[in-house]
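One structure below.
Just so we're clear, the structure is a prediction, and the values are computed from it rather than from any experiment. When reading the values below, keep in mind they use all heavy atoms of this one structure, side chains included, and skip hydrogens, waters and symmetry mates.
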Amino acid sequence: MRILFAIALTGKRFALQKGKLGTAPSSFSHCSFWVRAFSSGVYREKLSRNVLKDIKLDDAIGLFGQMVKSRPLPSIVYFSKLLTAIAKMKKFDLVISFGEQMQKLGISHNLFTYSIFINCFCRSSQLHLALAILGKMMKLGYEPDVVTLNSLLNGFCHGNRITDAVSLVDQMVEMGLQPDTVTFTTLIHGLFLHSKASEAVALVERMVVKGCQPNLVTYGVVLNGICKRGDTDLALRLLKKMDEGKIKPGVVIYNTVIDALCKYKHVNDALDLFNEMEIKGIKPDVFTYSCLISCLCNYGRWEDAAGLLSNMIERKINPNVVTFNALIDAFAKEGKLLEAEKLYEEMIKSKDCLPDVVTYNILIKGFCKCKRLDEGMELFRQMTGKGLVGNTVTYNTLIQGFFHDGNCDSAQMVFKQMVSDGVSASIMTYNILLDGLCNNEKLETALVIFKDLQKSEIEIDIFTYSIMIDGMCKAGKVGEAWDLFGSLGLKGLKPDVVTYNTMLSGLCRKSLMQEANALFRKMKEDGILPNSGTYNTLIRAHLRDGDETASAELIKEMRSCGFVGDASTFGLVTNMLHDGRLDKSFLDMLS
DNA sequence: CTAGGGTTAG
């Protein structure tokens, strides 16, 4: 309790007086059911019948306007019902604004309305204002209860204060309040949000011991957290556990697990779950179908995808923009731009689900891959013309497209456009930019940008360094690349297999085989597993260097690791067989 | 007689 007080007192003054959120519209043109109900005096009855949960936003605003004008003023109970309904629509700012208006009109708040405001501030990332409200209400003599503190707990969990969240639960107990299922579920969610998955899972067990049974929400939180980590086995076990208990998983729970199975490459298990839904009478929805269709497309299982598509149409589940995008993406990835465009045209014609920025990103990427940059740009203009705003992906795609097409000027022009359009460039954008410049013999320009990047706020990843090391090596500046590689440790970055391969290939290109061998040893010492690329690069270099023995040994090692010679290695060996530099037996060893 | 927690597809 002490800590709570301390937190509350450091908070700012009662925030509802600030009025920074403006006021709600006081006039409304249509005469809605709610307003009529209110003015004819039946609002008390209507409000008490729990019908407010279905109220539309406009009606809620109108109703509030009527309520504050009516005399005598309606009881605070009616206000809190209305505010709850608006909070459920996630219009947190509006709830706060209404709270301010009530305050100005002299309507005093109570524990319930204060709790609503605390919830709204927490959910709109204004934890400090939530704490200010808590301070204010406690000064007025209202003791926060489990509901109030659960809201605050949620605020701590979302506000990067997981330690405070954990101690808040301890304080609840000290205050003599019994944490309930909501408390545990909130904290479990917070632990997942802060990557403390095992603590989250352990807490599920603890809550059972404390007499709180996990409910559907708890399972939703836990399954979602587990699925995001890719622990599909545990997810499937939990799904079974729900069945054994009395909690019926609904379509959303199934969708979550099906999605994870798709993402983590267990397509057939996902299809099994889809069939299981059928048996249990749980109706799949557009999420279920879109997820499975897109996954099947990614695996090239067109027939199966088409089957599901017609199945969903038969069942009158309308494909939406995500479904269309999955199909357009499938065609575009196959290079079938004509078909992709046909689907896009169909979307526009039918008007039921219009293309969005993702649709355009998919199509633009398709055109870029075919080096049809003019058409890619044309689509970009079409999209902008429709009032859609390009995002980082859109610009990244075009920049990369122009670079791959060897058109550095246009690439840099798009980058400038991106900056002037106010779309933030991510490290991915810079990686594309640096990679493009390096691959188009513009190492010097890349170095200038790289230096600026190092000074900026943007967090450079290991991939950026790999790109620069590669660029330097390709420009013949292996010494500089080596220095950059060596500086990684000082920056707290660990070279990964790509960085090692890049550096190795640079050394090999200069026939610095001793250095390459030493680096290869260091790589293994550092616990970085060589991949097929590592071995093939070294094997080719040793062959070019005339060291048949070293190559042969590496081939043995590579094959024992389950890798095989790649196309370039086979090409080199074939050439060397032809001009007699290699013996036929060498080819047998490789294949 | 009112307040609190969560989740899914491109």
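The interatomic distance linking A:Ile293 (CD1) with B:dT8 (P) rounds to 20 Å, in whole Å. Straight-line distance from the CD1 atom of A:Ile226 to the P atom of B:dG6: 17 Å, rounded to whole Å. Straight-line distance from the OH atom of A:Tyr219 to the C1' atom of B:dT8: 19 Å, rounded to whole Å. Regarding A:Leu223, its CG atom lies at a distance of 9 Å from the C1' atom of B:dT7, rounded to whole Å. A straight line from CG of A:Leu273 to P of B:dT7 spans 21 Å, rounded to a whole angstrom. A straight line from NZ of A:Lys283 to P of B:dA9 spans 22 Å, rounded to a whole angstrom. In this structure, A:Leu152 places its CG atom 14 Å from C1' of B:dA3, rounding to the nearest Å. For the pair A:Leu111 CG and B:dC1 C1', the computed distance is 12 Å after rounding to whole Å.
Here the side chain of A:Ser350 pairs a donor or acceptor atom with the backbone of A:Glu346 at under 3.5 angstrom. Between the side chain of A:Asn110 and the backbone N or O of A:Thr113 there is at least one donor-acceptor pair closer than 3.5 Å. Remark: side-chain polar atoms of A:Tyr264 are paired, donor with acceptor, to backbone N or O of A:Lys228 under 3.5 angstrom. When atom types are taken as modelled, the side chain of A:Arg372 and the backbone of A:Lys369 share no donor-acceptor pair closer than 3.5 angstrom. With hydrogens and angles ignored, the 3.5 Å screen pairs a side-chain donor or acceptor of A:Ser310 with a backbone N or O of A:Gly307.
The residue A:Val221 sits close only to the backbone: its heavy atoms come under 4.0 Å of sugar-phosphate atoms, none of a base. Using a 4.0 Å heavy-atom distance criterion, A:Val251 is classed as making no nucleic acid contact. Among the protein residues, A:Val321 comes within range of the nucleic acid bases, having at least one heavy atom under 4.0 Å from a base atom. Nucleic acid contact class of A:Asp180 (heavy atoms, under 4.0 Å, all strands): base.
Distance from the side chain of A:Val286 is smallest to B:dA9 among B:dT8, B:dA9, B:dG5. Of the candidate nucleotides B:dA3, B:dT2, B:dG5, B:dG5 has the atom nearest to the side chain of A:Thr218. Comparing B:dA3, B:dG6, B:dT7 by their nearest atom to the side chain of A:Asn224 picks out B:dT7. The side chain of A:Val252 sits closest to B:dT7 out of B:dA3, B:dT7, B:dG5. Residue A:Val77 places its side chain closer to B:dT2 than to any other of B:dG5, B:dT8, B:dT2.
Within residues 228-237 of chain A, the residues having any heavy atom under 4.0 Å from DNA chain B are, by residue number, A:Lys228. The stretch residues 181-208 of chain A touches DNA chain B through A:Thr181, A:Val182, A:Thr185, A:Thr186, A:His189, each having a heavy atom under 4.0 angstrom from the strand.
Residue A:Asn215 places none of its side-chain N or O atoms closer than 4.0 Å to OP1 or OP2 of B:dG5. Distances shorter than 4.0 Å separate some side-chain N or O of A:Thr84 from OP1 or OP2 on B:dA3. Using a 4.0 Å cut-off, some side-chain N or O of A:Asn154 falls inside it from OP1 or OP2 of B:dG6. Look at A:Lys263 and you'll find a side-chain N or O under 4.0 angstrom from OP1 or OP2 of B:dA9. Distances shorter than 4.0 Å separate some side-chain N or O of A:His158 from OP1 or OP2 on B:dG6.
No more than 12 heavy-atom neighbours from other residues, nucleotides or ligands sit within 6.0 angstrom of CZ on A:Arg206. Shown here is A:Lys280, whose NZ atom has more than 12 heavy atoms of other residues, nucleotides or ligands within 6.0 Å.
In plain terms, the two heavy atoms of A:Ile253 and A:Gly220 that are nearest each other are CD1-CA, 3.6 Å. Between A:Phe92 and A:Ala87, the closest heavy-atom pair is CE2-O, 3.5 Å.
Put simply, the side chain of A:Asn320 and the base of B:dA9 share a donor and an acceptor less than 3.5 Å apart. No N or O donor and acceptor, one from the side chain of A:Thr256 and one from the base of B:dT8, sit under 3.5 Å apart.
Under the stacking definition used here (centres under 5.5 Å, planes under 30°), the residue A:Phe287 qualifies as stacked on the base of B:dT8.
The six-membered or imidazole ring of A:Phe117 lies near that of A:His109, with a centre-to-centre distance under 6.0 Å.
Between the side chains of A:Ser167 and A:Asp170, no donor N or O sits under 3.5 Å from an acceptor N or O.
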